[in-house]
Amino acid sequence: MVLAITIPLVAAFFLISLICICFWRRRKPVVRLPLDGTRPEEIASVESLLLDISTLRAATANFSEENKLGEGGFGAVYKGLLPDGREIAVKRLSTSSSQGFGELRNELVLVAKLQHRNLVRLLGVCMEEQEKLLVYEYLPNRSLDTILFDPKKREQLNWGKRNKIIGGIARGLLYLHEESQLKIIHRDLKASNILLDADLNPKISDFGLARIFGGDQTQGTTSRVVGTFGYMAPEYAMHGQISIKSDVYSFGVLVLEIVTGRKNGGFSNSEYAEDIVNYVWERWVKGTILEILDPSLTNHCPRSEVLRCVHIGLLCVQENPSDRPNMSQIVVMFNSNSVSLQAPSKPAFCIGRSGMDSGAYSNEYNLSGGTHDQSSSKSIPASPNEVSITELEPR
Ligand SMILES: Nc1ncnc2c1ncn2[C@@H]1O[C@H](COP(=O)(O)OP(=O)(O)O)[C@@H](O)[C@H]1O
Ligand SMILES: *[C@@H]1O[C@H](CO)[C@@H](O)[C@H](O)[C@H]1NC(C)=O
Ligand SMILES: *[C@@H]1O[C@H](CO)[C@@H](O)[C@H](O)[C@H]1NC(C)=O
Ligand SMILES: *[C@@H]1O[C@H](CO)[C@@H](O)[C@H](O)[C@H]1NC(C)=O
Ligand SMILES: *[C@@H]1O[C@H](CO)[C@@H](O)[C@H](O)[C@H]1NC(C)=O
Ligand SMILES: [Mg+2]
C-alpha cells in the first residue's frame, strides 16, 4: 500500500520539477536591451540623434537619382545638404530586418557613440514611415576604391599618402576591435568602405551594420555570411566563423591592394591571377615582388618600407587565423621598423602547384632577418569550386 502511494507521488514530484526547470530556463530573457539603466543625459543624446524624415527629404531632394552616390548591399547612399550648410550622406537601408524599431534604434545609438579619427561619424538616424535612414558625415574625396583603382587618379597617391592611409585604417580597426566598449568586428572591410577626407585621412565606414543586420553573434559561427568575396577570410566564407582575425584577413587584402594598385578580382573570376593574394604570394616566393608594385610608386619610394608593408599584408592573409597577427601587433609592426617580422606562411586559397611548396624561400631582400621557415607553409589546396555557403548576402 505504502509503496503504491509513495512511488507515483515521488515520480510525479520529479516530473513536475523537471518541467518547471525546463520552463524556467527557456524564459531567460533573449532580448538584450542595451539602453536599460542608462542615465538621463544619455537618453537626451538619443533624442538629439533622431532626425525628421522631412528634413532628410528636403536635404536629398526627395532621394533623387542625381543625389545618389552609390548603392551597396544594405541600400543606396544619397548626398544631402542640411539647412545649416552641413553636407551629409544618407544611407537608405533596404533591409527587411526582423528587429523591432526600438531595439534597432538602441543599437544604432551605441554605434553612433563610437568616435575615432579613423571612423566615419554617424550623425543621426531616422525611422519613420517604414524608412530606416542612417545619416553620416559626407566625405568629399569619396571612397578609396574610386581613387586607387582609377589609372589617372591613383597617381595622386604617392607612397607617403598610401602609408598614411594604411596606418589610419589599422588604427581605426584597432579601435573597433580592442579599444571601444563594443568590440566590433567589421566583417565587410574593403576599399569602398574606406572613405577619405579632404586631407586624405582614411575613415572606416559601415562598421556595426553587419553586427546589427548580418547576424546574431559577435563571435563564433554564424549561418548568415555578410561580406564581399575576395576580402572574406576563408574560414568565414566557408564555415561562417567570425573573429577579429577574419577582419585582419580583409585588412591584409586591402594592404596588398593599396601597395599594388590592383583590385582583387576575388572568386567570381576564373582567372587565378586575378586573386591578389596568390598573385602577390607567387612573386614574393620568387623574390620578384618589385615587379608588381604600383608603377606610380616604384620610382620615388623607399623600397624597404614598401616591402615591409607587403610583408605585413602577407602575414594577415595566412590561412590559419591564429597565425595572423592582431591589430595591436600590426600597429606596432607598422610603426616600428626595428620590430622583426616572421616569415609569412602560405596564404589561404593558394592553388597547390607542384614545385611551389618545395621551392626555397628565396627572398633576396632580407626583410625579416629572421629564420625562413619552410616547414610551416603546408596548406590544403583549396579550389574555388568547393566553396559552399549556407546563405549569402552581398554585405
Ligand atoms: N559618408 C560618405 N561620404 C561620401 N561618399 C560616401 C559616403 N558613404 C558612402 N559613400 C559612397 O557611396 C558608395 C556606396 O556606399 P555603400 O552603400 O556603403 O556601398 P559599398 O560600400 O558596398 O560600395 C560608396 O562606394 C562610397 O563611394
Ligand atoms: C517623394 O517621392 C515619393 C516617391 O518616391 C512620392 O510619393 C512623394 O510624393 C515625393 N514627395 C515630394 C515632396 O516630391
Ligand atoms: C581630394 O584630395 C586631393 C589630394 O589628392 C585634394 O587636393 C582635393 O582637394 C581633395 N578633394 C576635395 C573635394 O576635397
Ligand atoms: C594581441 O596579441 C598580443 C600578443 O600576442 C596579446 O598580448 C594581446 O592580448 C592580443 N590582443 C587581443 C585583443 O587578442
Ligand atoms: C641576408 O641574410 C643572410 C642570413 O639570413 C645573411 O647571410 C646575408 O648576409 C644577408 N644579406 C644582406 C644583404 O644583408
Ligand atoms: Mg559602404
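Every number for a ligand or one of its atoms is a count from 1 in the order of the listing. Here, residue 1 is the first one in the sequence, and each next residue gets the next number.
- Heavy-atom proximity to G70, at under 4.0 Å, picks out these atoms of ligand 1: 13 (C), 14 (C).
- Side-chain contact between W284 and H311 is present, with heavy atoms from C-beta onward closer than 4.5 Å.
- Using a 4.0 Å cut-off between heavy atoms, L195 contacts ligand 1 through its side chain alone, with no backbone atom that close.
- Interface of N193 with ligand 1, defined as ligand atoms under 4.0 Å from a residue heavy atom, comprises 18 (O), 21 (O).
- Looking at T146 against ligand 1, nothing comes within 4.0 Å, counting heavy atoms.
- With atom 16 (P) of ligand 1 as the reference point, the heavy atom nearest to it among K68, E87, K91 is part of K91.
- At least one side-chain heavy atom of I53 sits under 4.5 Å from a side-chain heavy atom of R57.
- Inclusion of A76 in the set of residues having an N or O under 3.5 Å from an N or O of ligand 1 is not warranted.
- Annotation: the span from K203 atom NZ to L196 atom CG amounts to 10.5 Å, rounded to 0.5 Å.
- In terms of polar-atom proximity, defined here as any N/O pair under 3.5 Å, S328 makes no such contact with ligand 4.
- Put simply, no part of K79 is less than 4.0 Å from ligand 1, judged by heavy atoms.
- Contact annotation: the side chain of S246 never approaches that of R187 to less than 4.5 Å [non-hydrogen atoms, C-beta and beyond].
- Geometrically, R171 does not engage Y175 in a cation-pi contact defined by less than 6.0 Å to the ring centre and at most 45° from the axis.
- Residue-to-ligand polar distances keep V120 apart from ligand 1: every N/O pair is separated by 3.5 Å or more.
- Only the side chain of Q329 comes within 4.0 Å of ligand 4, counting heavy atoms alone; its backbone N, CA, C and O stay farther away.
- With rounding to the nearest 0.5 angstrom, the CZ atom of R154 is 9.5 Å from the CG atom of L297.
- Within the 4.0 Å heavy-atom criterion, both parts of S192, backbone and side chain, lie near ligand 1.
- In terms of protein heavy-atom proximity, atom 3 (C) of ligand 4 is closest to N326 ND2, 3.7 Å.
- More than 12 heavy atoms of other residues, nucleotides or ligands sit less than 6.0 Å from atom CD of Q115.
- Using a 4.0 Å cut-off between a side-chain N of Lys or Arg and a carboxylate O of Asp or Glu, R92 and E131 qualify as a salt bridge.
- Taking any N or O of Y136, backbone or side chain, none lies under 3.5 Å from an N or O belonging to ligand 1.
- Contact of the K132 side chain with the L108 side chain is not registered, since no non-hydrogen atoms from C-beta on lie closer than 4.5 Å.
- In terms of heavy atoms, W159 sits closest to C309 at CH2-SG, 3.7 Å.
- Under the 4.5 Å side-chain criterion, counting only non-hydrogen atoms from C-beta, F74 is not in contact with D206.
- Within ligand 1, the atoms closer than 4.0 Å to a non-hydrogen atom of Y138 are 3 (N), 4 (C), numbered from 1 in the order shown.
- Tracing side-chain contacts under 4.5 Å through hydrophobic residues (I, L, V, M, F, W, Y), one reaches L139 starting from L200; they form part of the same cluster.
- Counting heavy atoms only, E178 comes closest to atom 13 (C) of ligand 4 of the residues K245, M327, E178.
- Residue-ligand proximity, G75 to ligand 1, at heavy-atom distances under 4.0 Å covers atoms 17 (O).
- Inside a 4.0 Å radius of atom 9 (O) of ligand 4 there is not any protein heavy atom.
- The distance from the Mg ion (ligand 6) to the nearest N/O/S atom of N193 is under 2.8 Å.
- At least one N/O/S atom of D206, whether from backbone or side chain, sits less than 2.8 Å from the Mg ion (ligand 6).
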